Amino acid sequence: MTARDAIVVGGGLVGAAIAHGLRGQGLDTVLLDEGDVAFRASRGNFGLVWVQSKGFGAPWYQQWTRGSAGEWPALAADLAARTGIDTALQQPGGVHLCLSEAEFDDRAARMARMQAEAGNHGFDHRMIRRGELDDMLPGLGPSVVGASFTPYDGHASPLALLQALHRAFTEAGGAYIPNAKVTGGSAAPHDFRVETAAGAFTAPRIVLAAGLGNADLAPVFGLNTPVRPQRGQILVTERAGTILPMPTTTIRQTGEGTIMLGDSMEEAGFDTRQAPPVMAQIAQRAALCFPWIAELNIVRAWSALRVMAPDGLPIYDQSDRFPGAFTANCHSGVTLAGAHARLLAPMIAAGALDPVLAPFTAKRFDVQTAA
Ligand SMILES: Cc1cc2nc3c(=O)[nH]c(=O)nc-3n(C[C@H](O)[C@H](O)[C@H](O)COP(=O)(O)OP(=O)(O)OC[C@H]3O[C@@H](n4cnc5c(N)ncnc54)[C@H](O)[C@@H]3O)c2cc1C
């Protein structure tokens, strides 16, 4: 049995960012990861560091997301300095393209409401008409009537990020243990024990960051994490000669020059198969946005499962029954990596979540009964 200061369960983007942050706080931390058989959103995502569509009707989520995008440059610089890995972060702003007047009007109304909800925090955005958009993006199709723009958006390489977080964590003395699925455990306040194929571990703090695995683990530690899978499919083209200067919600150019086309939102349970009709829809919309994309060969395609709460917002909690047990779940683990490593991890190390995270408690799902 190995005693540590903190156990983090799950070596995806959420767990790795938190483990890296906890190690940075000086905690002797072990990161336990199930391994290749697990569902891993962190290896199948689109790579946006995206703010503009986050927090409609939930301005606290917009603030948390924007805060994370603001932390990203420091995280990327820190990871590069520690590991030599370039996470390919670019934050030139981003656009959501509209393919009809109805889409444009809907988007304008949505962005205006987000600005109203943002209050004094503000929400810098513009609705851009086609003429101006032609100066911003090359080769738009005739169907594009305009776009929403915010300066907060960007993208990065999610695989480089995952590798950099793991390397920074282990090179700073953190213990990463793969093939260590947590199969059971026991809890008392500030006293946790987990069982894995690689042995048992104890610590006064535990962070459940096991993605879809959290749903089963949470009750053991006095937490509630009602996450479900939501499938997303992605296509990747060969390298393009055309340069896209900024990402859109569903089309971005990687540092290597390939174009990523994404990404569906499908309720398909744990079925990770690809669906050709959905892939066709993704390709068709991309070709309407940029007809030159239709000339490129698709070289890769995959599907992966998002980690989705009932209302689509993250869940962050500390157990009332077993203080020291935390849970962290979200469907935007690339975007939120800055906040997880640099804001959330220090809160966990200090033993309490900041009041700004109170709206993210899973208690919001508790059934309200009439008095
Ligand atoms: C198609 C698609 C597109 C996306 N696009 C974006 C995007 O553009 N921008 C963005 O910010 N986000 C995006 N996401 C979301 C992002 O990928 C996820 O939010 C993030 O990867 C979640 O990370 P995670 O660590 O919580 O989960 P996962 O990556 O699923 O990792 C969970 C880890 O927990 C481990 N595990 C599970 N159970 C156990 C157990 N019992 N014991 C030990 N370990 C366990 C697994 O081995 C796994 O490594 C996208 C997701 C998908 C699917």
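Remember, predicted model here, so these are calculated numbers, not experimental data. Order of appearance sets the numbers: ligands from 1, and atoms from 1 within every ligand. When reading the values below, keep in mind they use all heavy atoms of this one structure, side chains included, and skip hydrogens, waters and symmetry mates.
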Asker: Number the atoms of ligand 1 from 1 as they appear, then name those within less than 4.0 Å of a heavy atom of Gly47, with their elements.
Answerer: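 With Gly47 as reference, the close atoms of ligand 1 come out as 7 (C), 8 (O).
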Asker: Considering Gly15, Pro229, Ala41, which one's heavy-atom position lies nearest to atom 28 (P) of ligand 1?
Answerer: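 Minimum heavy-atom distance to atom 28 (P) of ligand 1 goes to Ala41.
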Asker: Mark the output for Phe39 as yes if a heavy-atom distance to ligand 1 is under 4.0 Å, and as no if none is.
Answerer: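 Yes; Phe39 lies near enough to ligand 1 that a heavy-atom distance drops under 4.0 Å.
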Asker: Within the 3.5 Å criterion, strictly below it, is a donor on Lys54 or Ser332 matched to an acceptor on the partner's side chain?
Answerer: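 The answer is yes; a qualifying pair exists.
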Asker: What protein heavy atom sits nearest atom 44 (N) of ligand 1, and how far off is it?
Answerer: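 I find the closest protein heavy atom is Glu34 N, 3.1 Å.
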Asker: So which heavy atom in the protein is nearest atom 3 (C) of ligand 1, and how far is it from that ligand atom?
Answerer: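 Nearest neighbour among protein heavy atoms for atom 3 (C) of ligand 1, to 0.1 Å: Asp263 OD2, 3.1 Å.
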Asker: Can you name the atoms of ligand 1, numbered from 1 with element, that are less than 4.0 Å from a heavy atom of Thr335?
Answerer: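 Result: 9 (N), 10 (C), 11 (O).
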Asker: For a side-chain hydrogen bond (donor to acceptor under 3.5 Å, both in side chains) with Gln52, tell me which candidate from Arg66, His96, Arg107 qualifies.
Answerer: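 For Gln52, the side-chain hydrogen bond (donor to acceptor under 3.5 Å, both in side chains) test succeeds with only one of Arg66, His96, Arg107, which is Arg107.
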Asker: Give me the ring orientation class for Phe39 and Phe270: parallel if the planes are under 30° apart, tilted from 30 to 60°, perpendicular past 60°.
Answerer: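 It falls in the tilted class, 30° to 60°.
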Asker: Counting from 1, what ligand 1 atoms have a heavy atom of Lys181 closer than 4.0 Å?
Answerer: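 Result: 40 (C), 41 (N), 42 (N), 43 (C).
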Asker: Describe, in one word, how the ring planes of His340 and Trp64 are oriented to each other, choosing from parallel (under 30°), tilted (30 to 60°) and perpendicular (over 60°).
Answerer: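 Rings of His340 and Trp64: tilted, 30 to 60°.
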Asker: Under 3.5 Å, N or O to N or O, is Leu212 touching ligand 1 that way?
Answerer: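 Leu212 vs ligand 1: no N/O contact under 3.5 Å.
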Asker: How far is atom 35 (C) of ligand 1 from its nearest protein heavy atom, and which residue and atom is that?
Answerer: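 So the nearest neighbour among protein heavy atoms is Asp33 OD1, 3.3 Å.
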Asker: Would Arg126 and Glu132 pass as an ion pair if we require N to O under 4.0 Å?
Answerer: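 Yes, Arg126 and Glu132 are salt-bridged.
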Asker: Within the 4.0 Å heavy-atom shell around Leu305, which atoms of ligand 1 are there?
Answerer: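 With Leu305 as reference, the close atoms of ligand 1 come out as 53 (C).
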Asker: Taking Ile18 as the starting point, is it possible to reach Tyr176 by hopping between hydrophobic residues whose side chains are less than 4.5 Å apart?
Answerer: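 As far as the 4.5 Å side-chain criterion goes, Ile18 and Tyr176 are connected within one cluster.
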Asker: Verify the cluster assignment for Phe322 and Val194: are they in a single hydrophobic cluster under the rule of side-chain heavy atoms below 4.5 Å apart?
Answerer: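 Both belong to a single hydrophobic cluster.
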Asker: Any atoms of ligand 1 less than 4.0 Å from a non-hydrogen atom of Val9? List them with their elements.
Answerer: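 Ligand 1 atoms under the 4.0 Å threshold to Val9: 42 (N), 43 (C).
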Asker: Answer yes or no for Gly35: is there a heavy-atom contact with ligand 1 below 4.0 Å?
Answerer: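 Per 4.0 Å heavy-atom rule, Gly35 contacts ligand 1.
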Asker: Is the shortest side-chain N to carboxylate O distance from Arg205 to Asp5 below 4.0 Å?
Answerer: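 Salt bridge absent between Arg205 and Asp5.
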Asker: Which of the numbered atoms in ligand 1 are under 4.0 angstrom from any heavy atom belonging to Phe46?
Answerer: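 So the atoms of ligand 1 that pass are 3 (C), 4 (C), 5 (N), 6 (C), 8 (O).
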Asker: Name the option, out of Ala337, Pro158, Gly211, Gly184, that contains the heavy atom nearest to atom 27 (O) of ligand 1.
Answerer: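 Ranked by closest heavy atom to atom 27 (O) of ligand 1, first place is Gly211.
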Asker: Among Asn329, Asn45, Thr272, which residue places a heavy atom closest to atom 51 (C) of ligand 1?
Answerer: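 Residue with the shortest heavy-atom distance to the ligand atom: Asn45.
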Asker: State the atoms of ligand 1, each with its element, that fall below the 4.0 Å cut-off from a heavy-atom position in Gly232.
Answerer: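 Listed by number with element, the hits are 1 (C).
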Asker: How far is atom 40 (C) of ligand 1 from the closest protein heavy atom, and which atom is that?
Answerer: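 Closest protein heavy atom to atom 40 (C) of ligand 1: Val182 N, 3.7 Å.
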Asker: Is there a continuous path of hydrophobic side-chain contacts, each under 4.5 Å between heavy atoms, that joins Met111 to Met246?
Answerer: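 No, Met111 does not connect to Met246 through the hydrophobic network.
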Asker: Can you confirm, on distance only, whether ligand 1 has an N/O atom lying under 3.5 Å from any N/O atom belonging to Leu217?
Answerer: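 Among all N and O atoms of Leu217, none is under 3.5 Å from an N or O of ligand 1.
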Asker: Which of these passes side chain to side chain contact (heavy atoms under 4.5 Å, CB included) with Gln163: Leu79, Thr87, Ile85, Thr83?
Answerer: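 Among Leu79, Thr87, Ile85, Thr83, the one that satisfies the side chain to side chain contact (heavy atoms under 4.5 Å, CB included) with Gln163 is Ile85.
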Asker: Quick one: nearest non-hydrogen protein atom to atom 52 (C) of ligand 1, plus distance?
Answerer: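 Result: Arg306 CG, 3.6 Å.
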Asker: With a heavy-atom distance limit of 4.0 Å, tell me whether His331 approaches ligand 1 through its side chain, its backbone, both, or neither.
Answerer: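 Under 4.0 Å from ligand 1, His331 contributes backbone atoms alone.
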Asker: Counting only heavy atoms, tell me which of Val14, Leu48, Asn179 gets closest to atom 9 (N) of ligand 1.
Answerer: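 Going through Val14, Leu48, Asn179 one by one, Leu48 has the nearest heavy atom to atom 9 (N) of ligand 1.
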Asker: Would one find an N or O of Ala304, backbone or side chain, under 3.5 Å from an N or O of ligand 1?
Answerer: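 Between Ala304 and ligand 1, no N or O pair is found under 3.5 Å apart.
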Asker: Nearest to atom 23 (O) of ligand 1 by heavy atom, Ser42, Gly333, Ala180, Gly12: which?
Answerer: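 Among Ser42, Gly333, Ala180, Gly12, the closest heavy atom to atom 23 (O) of ligand 1 belongs to Ser42.
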Asker: From atom 32 (C) of ligand 1, work out which of Ser332, Gly10, Ala210 has a heavy atom at the shortest distance.
Answerer: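 Among Ser332, Gly10, Ala210, the closest heavy atom to atom 32 (C) of ligand 1 comes from Ala210.
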Asker: Within 45° of the ring axis of Phe56 and under 6.0 Å from its six-membered ring centre, is that where the NZ or CZ of Arg110 lies?
Answerer: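 Here Arg110 passes the 6.0 Å and 45° test against Phe56.
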Asker: Atoms of ligand 1 less than 4.0 Å from Gly44 heavy atoms?
Answerer: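 Every atom of ligand 1 under 4.0 Å from some heavy atom of Gly44: 1 (C), 2 (C).
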Asker: Tell me every residue that passes side chain to side chain donor-acceptor pair (under 3.5 Å) with Ser53, counting only those two or more places apart in sequence or in another chain.
Answerer: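 In terms of side chain to side chain donor-acceptor pair (under 3.5 Å), with neighbours along the sequence ignored, Ser53 is linked to Trp50.
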Asker: Between Arg228 and Glu266, does any side-chain N to carboxylate O distance fall below 4.0 Å?
Answerer: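 No, Arg228 and Glu266 are not salt-bridged.
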Asker: Which pairs count as salt bridge (Lys or Arg N to Asp or Glu O under 4.0 Å) when at least one residue sits in residues 239-256, sequence neighbours excluded?
Answerer: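 Residue pairs with at least one partner in residues 239-256: there are none.
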